[in-house]
K.L.:
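If you scroll down you'll find the structure; I have some questions about it.
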There are 2 protein chains.
Amino acid sequence: MRTDTTFKRAFNDMIDIIRTFDLGAELPSENALRTQLGVSRTTVRKVLAGMSARGIIISEAHKRIIGERPRQQERYPKEQTLAISEQVETSFMEWMMRGDACAGTEINETELARKFGVATTIIREFLNRFQKYGLIEKRQNAGWVFKGFTASFALELFEIREMFEMRSARLFAALPDRSPVWKQIQSMRAAHLELLADIDARFQDFSELDSRFHRLITTVAPNRFIESFQDVITMVFHYHYQWNKRDERARNEVAIREHLALIEALESRNIVLIDRACRLHLTSARETLLHSIA
Amino acid sequence: MRTDTTFKRAFNDMIDIIRTFDLGAELPSENALRTQLGVSRTTVRKVLAGMSARGIIISEAHKRIIGERPRQQERYPKEQTLAISEQVETSFMEWMMRGDACAGTEINETELARKFGVATTIIREFLNRFQKYGLIEKRQNAGWVFKGFTASFALELFEIREMFEMRSARLFAALPDRSPVWKQIQSMRAAHLELLADIDARFQDFSELDSRFHRLITTVAPNRFIESFQDVITMVFHYHYQWNKRDERARNEVAIREHLALIEALESRNIVLIDRACRLHLTSARETLLHSIA
DNA sequence: CCCCCGTTTTTTATACATAAGAAACATATG
DNA sequence: CATATGTTTCTTATGTATAAAAAACGGGGG
């Protein structure tokens, strides 16, 4: 049966919303909450009911009042807020990256389902979606093969990445001054500088910033296929570097500086500079990845 | 429960194999047949059993002999040899291309399952795989949206296609004389000329040749992401033009001539010529597609 | 030993069931 | 009559079941 992760996530989010109100304040309408929480009204009502039962909310005639400040410990644990399909992703990545799997390993749906403690349906669905990352391949009537997180995977990945990103970066040169992107680039630079200033403590935050930066660059001229490919890159970096922490701090610092150089080049509108900065960064990122695979 | 399409397909294939033997001849071993038919030995045995039951094969002590020439009418009909998941693909494409769906249409798993007469599981699996074509998008907990077979879809598709194909075509310039690809290019040219000579009767064969040609070009430097993108292109052309037959003959003839020009350019090894021929063909293909969408 | 075939065990493809969640409908209240 | 809440209906996420297909096992001959 379906898990109630949506409810639990909404419940947790609701705690945060309630904390912005004073005790005794009246809550917004169900519909307003629905929009804020990004779930259906059905779920909102379930959350409200749960909070009423705990005394956090008191339902009076035609209104709901905050009766008690919710405590953080009432939150549902993170794991329970993730749909099974999301948990499977993590489990699978871990299985893969941990090195339990080398190139050519056969992937057995039943076995994975057992190992992860989920239904086979979920595994199939996951594998079908995961196929797009280019790491597994289906064989008719006979399961899947893991193709390996190999050097050639990295090279093929970066060949495409280079095409896509150079294409987007070049488009910056022709971007009008009034484009809102320049503002976003500005705040992107600020975010990079901030992170750099506190690099020793926060170097782990880079991964997410990296993804955001590269996605920003590609948004200048949206293309669904390029955006979909960004998912591949994000996945690779997110999970791969989660299991390969070597030189993480240094690696990220270098990348930040390269990003800053690229930002400067973009702002110069000089296509030669843009090209150079972009290629420099991509080459360096590729070498780093290759290095960590070997 | 699982359908026996594998068996039926193998059965049909087996008829063809048997027809290459004389009456009374001894059949190859189960293992040999397994390789020829591309199925498991379990299925081979089922096929053999079925043929024995029909008197086509006579099992004697430690050997099997052909007792009767199988008739074509004993073949299972084509539909019964397609896995449900394959049939769903066709049904879905038809539903989409017929125009039952316009941009923004919400796709309802349950409804599709009912409409196509299959289990919801299959529909979900299909949609998950189909996602990569960029025509549908998933919304959390709320089904899918059809984004429409629109002009912007075609433009985005061709932007990528151009990057990929120009990249591969350019690589030809540096290809050594002894590369086996040149031979394949030669026979590709022959196939084009043949088709052109008989264009009035065979213009419908172009679609498949087109796909093979473009795939050949990309094989010079294999990249799993580019290959996967070829699937998108193949799908688009295959199904779209199945529902848009306008000017089909003329359209295909133009494309064949463009292919021949590109082949010549490739063989010249002159990067400028290659570039021009490649771009010319892609531009023309794009315009044709755009034209047929409008 | 190595290939062939009969048998048994596993795994995949597909159907079906059901609680959670979304959406639609209905009613009430200002 | 517009908006908020109560109720009903429909859809999705996930688990379970099972026949078909694949793979593994095992005994005989050459």
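Side-chain atoms are counted along with the backbone in the values below, which use heavy atoms only and exclude waters and symmetry mates. Every chain is numbered from 1 and lettered A, B, ... according to where its sequence line falls, protein lines coming before strand lines.
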K.L.:
Verify whether one side chain among B/T43 and B/R34 offers a donor that lies under 3.5 Å from an acceptor in the other.
P.N.:
no

K.L.:
DNA chain D: B/N108 or A/Q140, which has the more 5' nearest nucleotide?
P.N.:
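Final value for this comparison: B/N108.
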
K.L.:
Does A/R114 reach a base, just sugar-phosphate, or nothing at all? Heavy atoms under 4.0 Å.
P.N.:
sugar-phosphate

K.L.:
Ignoring the backbone of A/R2, work out which of C/dA20, D/dT16, D/dT5 is nearest its side chain.
P.N.:
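Within the option list, the nearest is C/dA20.
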
K.L.:
What is the distance, rounded to the nearest whole Å, between atom NZ of B/K63 and atom P of D/dG29?
P.N.:
17 Å

K.L.:
Please pick, from D/dT14, C/dC5, C/dA22, the nucleotide with the shortest atom-to-atom distance to any side-chain atom of B/S29.
P.N.:
C/dC5

K.L.:
Answer with base, sugar-phosphate or nothing: what part of the nucleic acid does A/T43 contact at a heavy-atom distance below 4.0 Å?
P.N.:
sugar-phosphate

K.L.:
Tell me whether A/E68 at atom CD has more than 12 heavy atoms from other residues, nucleotides or ligands lying less than 6.0 Å away.
P.N.:
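Yes - once you tally the heavy atoms of other residues, nucleotides and ligands closer than 6.0 Å, there are more than 12.
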
K.L.:
Separation of A/R45 atom CZ from C/dG21 atom C1', in whole Å?
P.N.:
14 Å

K.L.:
Without swapping roles, check the side chain of B/R224 against the backbone of A/E156 for a donor-acceptor pair under 3.5 Å.
P.N.:
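Absent.
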
K.L.:
Just compare D/dA20, C/dG21, D/dG15 and give me whichever is closest to any side-chain atom of A/K46.
P.N.:
C/dG21

K.L.:
If you look at every strand shown and take non-hydrogen atoms under 4.0 Å, does B/R139 touch a base, only sugar-phosphate, or nothing?
P.N.:
nothing

K.L.:
Reading DNA chain D from 5' onward, which residue's closest nucleotide shows up sooner: A/V118 or A/N31?
P.N.:
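The residue whose closest nucleotide sits nearer the 5' end is A/N31.
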
K.L.:
With no angle test and no hydrogens, is the base of C/dC16 tied to the side chain of B/T121 by a donor-acceptor pair under 3.5 Å?
P.N.:
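Under the 3.5 Å cut-off, the side chain and the base do form a donor-acceptor pair.
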
K.L.:
Among D/dT11, D/dA17, C/dA22, which nucleotide sits nearest the side chain of B/N141?
P.N.:
C/dA22

K.L.:
Would you indicate what B/T42 reaches in the nucleic acid, counting non-hydrogen atoms under 4.0 angstrom: base, sugar-phosphate, or nothing?
P.N.:
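Base contact.
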
K.L.:
Taking the minimum atom-to-atom distance to the side chain of B/F7, which one of D/dA21, C/dT12, D/dG15 wins?
P.N.:
D/dA21

K.L.:
Using only atom types and a distance under 3.5 Å, with no angle test, would you say the side chain of B/T35 pairs donor to acceptor with the backbone of B/N31?
P.N.:
yes

K.L.:
With a 4.0 Å cutoff (strictly under), does any side-chain N or O of A/T120 reach OP1 or OP2 of D/dG15?
P.N.:
no

K.L.:
Could you check how far CE of B/M1 sits from P of C/dT14, rounded to whole Å?
P.N.:
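Value for this atom pair: 12 Å.
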
K.L.:
Please tell me which of the listed nucleotides, D/dA21, C/dA22, C/dC5, lies nearest to the side chain of A/V39?
P.N.:
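Taking heavy atoms from C-beta onward, the closest nucleotide is C/dA22.
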
K.L.:
Nearest to the B/R64 side chain among D/dT12, C/dC5, D/dA21, which nucleotide is it?
P.N.:
C/dC5

K.L.:
Is there a donor in the side chain of A/W243 and an acceptor in the side chain of A/E94, or the other way round, less than 3.5 Å apart?
P.N.:
no

K.L.:
Between the base of C/dG21 and the side chain of A/R41, is there any donor-acceptor pair under 3.5 Å?
P.N.:
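Flag unset: no donor-acceptor pair detected.
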
K.L.:
To the nearest Å, give me how far apart CD (A/E89) and P (D/dT14) are.
P.N.:
13 Å

K.L.:
With a non-hydrogen cut-off below 4.0 angstrom, is A/K8 in contact with a base, only sugar-phosphate, or nothing?
P.N.:
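No contact.
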
K.L.:
To the nearest Å, how far apart are B/E109 CD and D/dT11 P?
P.N.:
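It works out to 11 Å between those atoms.
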
